[in-house]
*Asks:* 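Encoded as C-alpha cells, here's the structure I'll be asking about.
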Number of protein chains: 2
Amino acid sequence: MAPVMRLPTERGEDVQRRLEAVGLRPTLARRLVLELLYETNCHYTAEEMLEALRARGTPLSVATLYQNLRQLVERGLLRKVTGPDGVVRYDANLEPHHHLICRRCGRMVDVAVEGLPATLRPVPLPTTPSAERELARWRVLAPHVELEAICPSCQEQEEAFHA
Amino acid sequence: MAPVMRLPTERGEDVQRRLEAVGLRPTLARRLVLELLYETNCHYTAEEMLEALRARGTPLSVATLYQNLRQLVERGLLRKVTGPDGVVRYDANLEPHHHLICRRCGRMVDVAVEGLPATLRPVPLPTTPSAERELARWRVLAPHVELEAICPSCQEQEEAFHA
DNA sequence: ATCATTGCAAACTGTTTGCATCAAG
DNA sequence: CTTGATGCAAACAGTTTGCAATGAT
C-alpha cells in the first residue's frame with residue numbers, strides 16, 4: 001500500500017538536514033516538533049502539540065515550544081496560520097496552497113483549488129471611480145483561498161443531533 | 001458628487017431600525033459602535049474603536065464595547081474577521097465579499113474578485129485516491145479569498161526606507 | 001418594580017519574557 | 001569556557017465575567 005516506507009532514521013535525518021540548512025541546531029525540542037508535524041500532516045495548535053508530545057512520552061514545556069515555534073517560523077520551516085475562528089495553527093507545508101476549513105471544529109486541511117485563475121483582480125466595493133483609483137495603487141502579492149466547509153465528522157455529529 | 005446626502009438623523013434612524021429589527025435596544029453604546037463602522041467603512045479592531053470613540057468625545061468602557069460587539073455579531077449586524085496576522089477586526093459589510101489585506105500594517109478593505117468561478121473544487125495535497133475520497137465527504141460552503149498585498153502607504157514607507 | 005445596560009475591577013486564555021540551570025560545541 | 005537551549009514562574013495582551021450602580025419600560 002505504501003510504496004515508499006520511511007524509516008525513522010530517514011525522517012530523522014531529513015529533519016536534521018532541514019534544521020541545519022537554516023542554521024538551527026537540531027535539538028531534541030525542534031526535532032520533536034518537526035517530526036510531529038511532518039508525520040501527521042496536521043495543522044496543530046500549540047496546545048495540541050503540547051498534548052501530542054506529552055502523549056508520545058516526549059513532553060515539552062510551554063516556553064520551549066513557543067520559543068521554538070517562533071524560531072521555526074522565522075527561519076521559514078513552518079508557517080503560522082490563523083483560521084477564521086482566530087485560532088493559531090502551524091503548517092509544515094511550505095508549498096503555496098489553500099485551505100479547507102471546518103466551520104464547526106476549525107479543522108484545516110491543505111488543498112489545491114481547481115479552476116482558480118492565475119490572476120485575480122480586486123474590484124472595489126462599492127464600485128466608484130475614486131475607489132477604483134485608490135485600489136489600483138495596492139500591490140497584490142498572493143491570493144489565499146479559504147474554503148469554509150463542514151468536515152465529515154462534524155456532519156455526522158449534526159445528523160446524530162437532528163435524529 | 002454625492003447624489004444622496006445622508007443627514008445624521010437619517011443615519012441615526014437607520015441604525016435604530018437595524019437594532020430593533022434584530023431585537024436589540026438602540027442604546028447609546030450600540031448606536032455609537034454601528035455609526036462609527038457605517039460611517040468609516042473601516043475594519044476596526046476593538047482597540048481602534050475605543051480610541052476612535054474617545055477621540056469623538058463619546059468614550060466607552062472596554063467591557064461595554066466587547067459586550068456589545070459580541071451581541072452585534074451574534075445578532076448578525078457585524079462580522080468578526082481575523083486577518084492572517086491574527087488581529088481581530090469587525091466588519092459591518094454583511095454582503096458576501098473578499099478582502100484585500102496589507103501584509104505590513106494589516107489594513108483590510110472589502111473587494112469583489114474578478115474572474116472567480118462560481119464553484120471552486122478543492123483537490124487534495126498530495127493527490128492520492130484515498131485523500132480524494134476523504135475530501136469528497138466535506139461539504140463546501142463558501143470560498144473566501146484573501147488577497148495579500150501591500151497598501152499604498154506601506155509601499156511609500158518602503159520606498160522612503162530604501163532611498 | 002423589573003429587567004437590561006453600563007463600567008469598574010478581577011479573572012482568564014494564549015503567548016512571551018526573565019532568569020537560573022543545563023547541555024553542546 | 002563560551003554560547004545556546006531548556007523550563008519554571010512571572011509578566012503580558014486581548015477578552016470575558018462578577019457585580020454593584022444606573023437607566024429604561
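Side-chain atoms are counted along with the backbone in the values below, which use heavy atoms only and exclude waters and symmetry mates. Every value quoted in this text rests on a predicted model; they were computed, and no experiment measured them. Lettering follows sequence order; numbering is per chain, from 1.
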*Asks:* Mind listing the residues from residues 46-55 of chain B sitting with a heavy atom below 4.0 Å of DNA chain C? Number order is fine.
*Replies:* none
*Asks:* Rounded at 0.5 Å granularity, tell me how far CG in A:L36 sits from CE in A:M49.
*Replies:* 7.0 Å
*Asks:* Test A:E74 against A:R70 for salt bridge (Lys or Arg N to Asp or Glu O under 4.0 Å), laying out the working first.
*Replies:* CA-CA 6 Å; A:E74 278 169 11; A:R70 188 144 54 88; 3.8 Å; yes
*Asks:* What is the distance, rounded to the nearest whole Å, between atom CZ of B:R75 and atom C1' of C:dA4?
*Replies:* 12 Å
*Asks:* If you compare every side-chain N and O of B:R70 against the phosphate oxygens of D:dT17 (OP1, OP2), does one of them come in below 4.0 Å?
*Replies:* yes
*Asks:* So, B:N93 versus B:H43: side-chain donor-acceptor pair below 3.5 Å or not?
*Replies:* no
*Asks:* Are there over 12 heavy-atom neighbours, none belonging to A:E51, within less than 6.0 Å of that residue's CD?
*Replies:* no
*Asks:* Could you check whether atom CD of B:E132 has more than 12 heavy atoms from other residues, nucleotides or ligands sitting under 6.0 Å from it?
*Replies:* yes
*Asks:* Measure from CD on A:E74 to C1' on C:dT15 and round the result to the nearest Å.
*Replies:* 14 Å
*Asks:* Quick one: B:Y66 OH to C:dA10 P, roughly how many Å, whole number?
*Replies:* 19 Å
*Asks:* B:D85 has an atom CG; how far is it from atom C1' of C:dG14, in whole Å?
*Replies:* 16 Å
*Asks:* Detail all sub-3.5 Å separations between protein N/O atoms and N/O atoms belonging to nucleotides 4-8 of chain D.
*Replies:*
from	atom 1	to	atom 2	distance (Å)
D:dA5	OP1	A:R30	NH2	2.2
D:dT6	OP1	A:T27	OG1	3.2
D:dT6	OP1	A:A29	N	3.4
D:dT6	OP2	A:N68	ND2	3.0
D:dG7	OP2	A:S61	N	3.4
D:dG7	OP2	A:T64	OG1	3.0

*Asks:* Please report the interatomic distance NE2(A:H99) to CG(A:D91), rounded to the nearest 0.5 Å.
*Replies:* 4.5 Å
*Asks:* Heavy-atom count check: over 12 atoms from other residues, nucleotides or ligands less than 6.0 Å from A:Q157 CD?
*Replies:* yes
*Asks:* Using whole Å, report how far CD of A:Q16 lies from C1' of C:dA24.
*Replies:* 13 Å
*Asks:* Does the side chain of A:R89 get closer than 4.0 angstrom to OP1 or OP2 of C:dG14 through an N or O atom?
*Replies:* no
*Asks:* Given side chains that start at C-beta, do those of B:P59 and B:L53 come closer than 4.5 Å, heavy atoms only?
*Replies:* no
